[in-house]
Amino acid sequence: MRLVIAQPSNLPRSLSKAPRPSRESIALPNLVSSGAGLRLAGTRAGGMAAAGLCGADFSDLREIKKQLLSVAERSRERGLQHSGPGSFFPSLLQEDARDLDAYTLAKSYFDLKEYDRAAYFLRGCKSQKAYFLYMYSRYLSGEKKKDDETVDSLGPLEKGQVKNEALRELRVELSKKHKARELDGFGLYLYGVVLRKLDLVKEAIDVFVEAAHVLPLHWGAWLELCNLITDKEMLKFLSLPDTWMKEFFLAHIYTELQLIEEALQKYQSLIDAGFSKSTYIISQIAVAYHNIRDIDKALSIFNELRKQDPYRIENMDTFSNLLYVRSMKPELSYLAHNLCEIDKYRVETCCVIGNYYSLRSQHEKAALYFQRALKLNPRYLGAWTLMGHEYMEMKNTSAAIQAYRHAIEVNKRDYRAWYGLGQTYEILKMPFYCLYYYRRAHQLRPNDSRMLVALGECYEKLNQLVEAKKCYWRAYAVGDVEKMALVKLAKLHEQLNESEQAAQCYIKYIQDIYSCGEIVEHLEVSTAFRYLAQYYFKCKLWDEASACAQKCCAFNDTREEGKALLRQILQLRNQGETSSTEIAAPFFLPASLSANSTPTRRVSPLNLSSVTP
């Protein structure tokens, strides 16, 4: 059955962890039916092996599969994946035959993670395959030593200073080969990784683009390139090869850049082109809906994915984030136990267990499992961010800051880490710092109301009230997740003695709360009714003031004030005071607000044109 992707709605999502679709039947597969998957320098391509053909032509799917199997085998020979796709072996080149004995011995040591030993026996080998394994062994040896030293280091500041000592030597050697044009697609990929590790971003991007041109089938180069692209404008200036693999890359980068509508369109076109059963595409669509906070849809797709691929571990940490947000303890517990039975030593499994303990408010245990995840893969973004959240729960702000900074080092596009840093500095009462971090989070999520509300609160503390107004109004305009922007805007108007605008904001707030079926015990509903009762009382609108005062009596914190106001209104009416008719435009609260459907009047519309961004 064909999956039809609905256009994303502008729904906000909960931030505390990471970011449930009406059930729909999904018939969506791995790119290679045999399940070839690449593990590339710490990243996994999931069920999708590297792919690419000249021109975005999907007409011959058999040829596409043949190409996928070929590059998967070539990648495995170079130690870039943990399992082969099946019984497909490319022909042995003459240069490979010369180095076959040394390569075979070294590859066995490489598979045992004896990287220095593998590199030693590959010295002097001339073939491209053997040379790549020689350089890659040296790179991984440096990474392993760095990770071991990181684990043994005493404090978080020391951890940030640990470097891979082999990188500079590798860069010099690979640079010479590159200038001599002696690197194949895999060699270019490794050269790009080394440059990225040395923070030479511009050079790394150029090399990854070159690698994609030389070997468009290699998904690893595309993924690394994706991690370096920061915005859509940057993407436009890249000269990418015209292959159908580019369509997968664009769908992936659009998801990463929060351009969800474009990403879903790309995935739909790939489904239509013949990848209608790809579990990789299913998972990416679920992640896309997760990113736009359409929790129901994301949960439904993840549930379908679990039915089709029950032993899948990839992306299950994202699934657990959704279960966490919805406080679905039984489902999260089942997922954690299930993944433990499949593979307890996977990063995703540790993150799922960490989320489970966090939901049970056992934050020390949760942090322990996130630390375990990072020992398995120090560059796993989700674990750093989630560990930062746990340290925040434990009031350990210094450790939280360090965890969030590590997350940003891994991926500067992680808005949750920027937002988390803003929260920690807010706790430390450093408003200028938290303003900087909230701005960065807002740049990454311009339509996320939580970033805007946080910015507004910062501006308020800095007494920049015009900017605060802009932020609160914008938060309401884009779809306020927490239903607090209008309340904060109303209180700001109160502070500035702009009573009419404050009343308008409170009225709209009450309308929104009741129209969306929210529970009336929302924290600020009583505040809104109290202000409106007093506002209408001052305006001598006795009927309206009486209706709001009666609503105040339903809340513990405003009950006495409501009763006192009702007594005053009754007393004034008995003295012959008449209701004012100055504000003529009629306005009715929702019927559910008043048992007697008492009409109130609308204050003048709120004119925020001067402060709307």
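What's counted below: heavy atoms across the whole structure, side chains too, no hydrogens, waters or symmetry copies.
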- Message: Regarding Asn227 and Asn411, do their side chains bring together a donor and an acceptor under 3.5 Å, going by distance alone?
- Response: no
- Nearest atoms (heavy-atom pairs only) where Ile205 meets Met234: CD1-CE, 3.1 Å
- Task: Please determine if Glu256 and Arg413 form a salt bridge, counting it only when a charged side-chain N lies under 4.0 Å from a carboxylate O.
- Result: yes
- Item | NZ/NE/NH1/NH2 to OD/OE distance under 4.0 Å, Lys144 and Asp116 | no
- Under the salt bridge (charged side-chain N to carboxylate O under 4.0 Å, His left out) test, which residues partner Lys232, sequence neighbours left out? Glu262
- Query: Is there a donor-acceptor pair under 3.5 Å between the side chain of Glu348 and the backbone N or O of Ala373?
  - Reply: no
- Task: For this output row, return yes or no: ring centroids of Tyr136 and Phe132 closer than 6.0 angstrom.
- Result: yes
- Kindly say whether Tyr120 contributes a backbone atom to a donor-acceptor pair with the side chain of Arg123 at under 3.5 angstrom? yes
- Which class fits the ring pair Tyr189 and Phe208: parallel under 30°, tilted 30 to 60°, perpendicular over 60°? tilted
- Message: With salt bridge (Lys or Arg N to Asp or Glu O under 4.0 Å) as the test, pick out the partner of Arg196 among Glu203, Glu409, Glu224.
- Response: Glu224
- Spell out, as yes or no, whether a donor-acceptor pair under 3.5 Å connects the side chain of Tyr267 to the backbone of Ile282. no
- Task: Mark yes or no: Lys177 above the aromatic ring of Tyr131, with NZ or CZ under 6.0 Å from the six-membered ring centre and no more than 45 degrees from the axis.
- Result: yes
- Message: How close do His213 and Ser239 get, counting heavy atoms only, and between which atoms?
- Response: NE2-O, 2.7 Å
- In terms of ring plane angle, is the pair Phe110 and Tyr115 parallel, tilted or perpendicular, where the classes change at 30° and 60°? perpendicular
- Message: I'd like to know if the side chain of Trp384 reaches the main chain of Pro378, judged simply by a donor and an acceptor atom lying under 3.5 Å from each other, with no hydrogens or angles considered.
- Response: yes
- Task: Mark yes when over 12 heavy atoms from residues, nucleotides or ligands other than Arg306 sit less than 6.0 Å from its CZ; otherwise mark no.
- Result: yes
- Message: Within the 3.5 Å criterion, strictly below it, is a donor on Ser358 or Glu390 matched to an acceptor on the partner's side chain?
- Response: yes
- Give a yes or no on whether the backbone of Ser333 and the side-chain of His337 come within a donor-acceptor separation of less than 3.5 Å. yes
- Between Glu143 and Arg379, does at least one N-O distance fall below 4.0 Å, as a salt bridge requires? no
